[in-house]
Amino acid sequence: MKRARLLTLLSLVAVAGCTQQPSFLASFADQQPPPKERLSPGSASADRWEPAPDPVFDEVIPGTERISQLPAKVGECFDTTITAITDRYGEDLSPRAKRGADPGTIIRFSNSGVQVSLKRENAIMHSQIFDKVNMCLVEVPKECPSDLRGRVYRTTNLRTKETWSLANDIKSCG
C-alpha cells in the first residue's frame, strides 16, 4: 500500500517537473526591474535628466530586403522596375526642355537603385514608370571600391529595348 502511494506521489512530481508551468522561483527571476523615474527636461536638474531610450525594433523593416538586389560585382545584373522618373530637382519631366540650364534626369528603381544625369537622356524620356528593366553594374570607382557612390550601371528598358549607362550619383566616391 505504501509503495503504491509512493509511486503515485513520485509520478505526480515527475509530471509536474515536465510541464511548461512556471515554478514559484522562476516567477521572481523573470521580473523586470522597476522603471526609472522619468523627469521632464523642465523640472529636472541638468545632471539628473535622461532622455527616453530610442525604441528598438526587432522585426524586419519592410522594403529593406530589396537593396540586396542591387548588382554588387562588375558584370552582375538584376531585373527591376522603374518607380520614378524626374528631373534632378524632383519635378516631373516636361516633354521639351526649357531654355536655359538643363535640369537633368533622375530615375529610381524598385531595387533601391538610382541613376543620375546632368542632362536629359532620350532613352529615359521614352521610358515609363513600371517598365521592367535589366540593370548591370559596369564600373566601380578604383579610388574607393567600398563606397557605393559613383558606381556606373548599364540599364536596358525591356519594353523599349533602349539602353543607357549612368552613375548612381553626380559626384564620384570619396
Side-chain angles (χ1 to χ4, degrees), residues 20 22 29-33 35-36 38-42 49-174:
Q20 298 295 328
D30 294 336
Q31 286 184 349
Q32 298 279 339
K36 283 185 170 181
R38 292 279 176 216
L39 301 172
S40 69
W49 182 74
E50 291 181 30
D54 290 335
V56 177
F57 301 105
D58 289 336
E59 70 272 1
V60 174
I61 298 172
T64 57
E65 66 280 354
R66 298 178 304 177
I67 200 161
S68 65
Q69 295 177 352
L70 251 154
K73 299 175 187 170
V74 173
E76 191 174 42
C77 299
F78 283 107
D79 287 344
T80 186
T81 305
I82 297 173
T83 57
I85 303 172
T86 63
D87 66 15
R88 287 186 305 129
Y89 307 109
E91 301 294 326
D92 290 337
L93 291 174
S94 58
R96 293 185 158 210
K98 297 176 185 170
R99 292 185 188 258
D102 191 347
T105 311
I106 290 184
I107 186 164
R108 298 179 191 279
F109 305 96
S110 62
N111 66 350
S112 300
V114 64
Q115 288 180 301
V116 183
S117 175
L118 294 175
K119 62 183 184 81
R120 294 168 65 94
E121 299 289 332
N122 287 331
I124 294 175
M125 294 298 296
H126 300 147
S127 298
Q128 299 174 357
I129 296 176
F130 301 120
D131 278 353
K132 301 286 185 199
V133 296
N134 182 271
M135 178 184 248
C136 301
L137 181 62
V138 293
E139 183 181 332
V140 176
K142 292 179 176 75
E143 304 84 43
C144 36
S146 62
D147 194 346
L148 296 178
R149 294 173 297 165
R151 293 180 176 220
V152 178
Y153 297 93
R154 186 187 73 243
T155 306
T156 303
N157 186 319
L158 300 178
R159 180 181 61 85
T160 64
K161 306 296 187 230
E162 291 181 289
T163 300
W164 61 90
S165 292
L166 294 172
N168 62 355
D169 200 333
I170 294 171
K171 298 178 182 175
S172 189
C173 65

Got a sec, which residues hit side-chain hydrogen bond (donor to acceptor under 3.5 Å, both in side chains) with T155, two or more places apart in sequence or on another chain? Q115

When you compare the side chain of L70 with that of M135, does any pair of heavy atoms fall below 4.5 Å? yes

With a 4.5 Å heavy-atom cut-off, do W164 and N157 have their side chains touching? yes

Side chain to side chain contact (heavy atoms under 4.5 Å, CB included) involving I129 - partner list, sequence neighbours excluded: none

Residues which pass side chain to side chain contact (heavy atoms under 4.5 Å, CB included) with A167, listed by chain and number, not counting sequence neighbours: V152

So does F109 get a backbone contact from the side chain of T80, meaning a donor-acceptor N/O pair under 3.5 Å? no

By side chain to side chain contact (heavy atoms under 4.5 Å, CB included), E76 pairs with (sequence neighbours left out) P71, A72, K73, F78

Could you give all pairs that pass the salt bridge (charged side-chain N to carboxylate O under 4.0 Å, His left out) test and reach residues 80-90, with sequence neighbours left out? none

Roughly how far, to the nearest 0.5 Å, is CG of N122 from OG1 of T160? 11.5 Å

Applying side chain to side chain contact (heavy atoms under 4.5 Å, CB included), run through I124 and S117 and close with a yes or a no. CA-CA 10 Å; I124 294 175; S117 175; 5.6 Å; no

How long is the straight-line distance from CG of D92 back to CD1 of I85, given to the nearest 0.5 Å? 10.5 Å

Quick one: list whatever passes side-chain hydrogen bond (donor to acceptor under 3.5 Å, both in side chains) with S165, sequence neighbours left out. none

Any luck finding a side-chain donor-acceptor pair between S110 and T83 under 3.5 Å? no

Give every residue pair that meets the side-chain hydrogen bond (donor to acceptor under 3.5 Å, both in side chains) criterion with at least one member in residues 134-145, sequence neighbours excluded. D79-N134

For T163, enumerate each residue passing the side-chain hydrogen bond (donor to acceptor under 3.5 Å, both in side chains) test, keeping only those at least two apart in sequence or located in another chain. T156

By salt bridge (charged side-chain N to carboxylate O under 4.0 Å, His left out) - contacts of K119 (at least two apart): E121

Criterion side chain to side chain contact (heavy atoms under 4.5 Å, CB included) on R120 and M125, from CA distance to verdict: CA-CA 8 Å; R120 294 168 65 94; M125 294 298 296; 2.7 Å; yes

How long is the span from the CD atom in E91 to the OG1 atom in T86, to the nearest 0.5 Å? 8.5 Å

So the salt bridge (charged side-chain N to carboxylate O under 4.0 Å, His left out) pairs with at least one residue in residues 150-170 (sequence neighbours excluded) are D131-R159

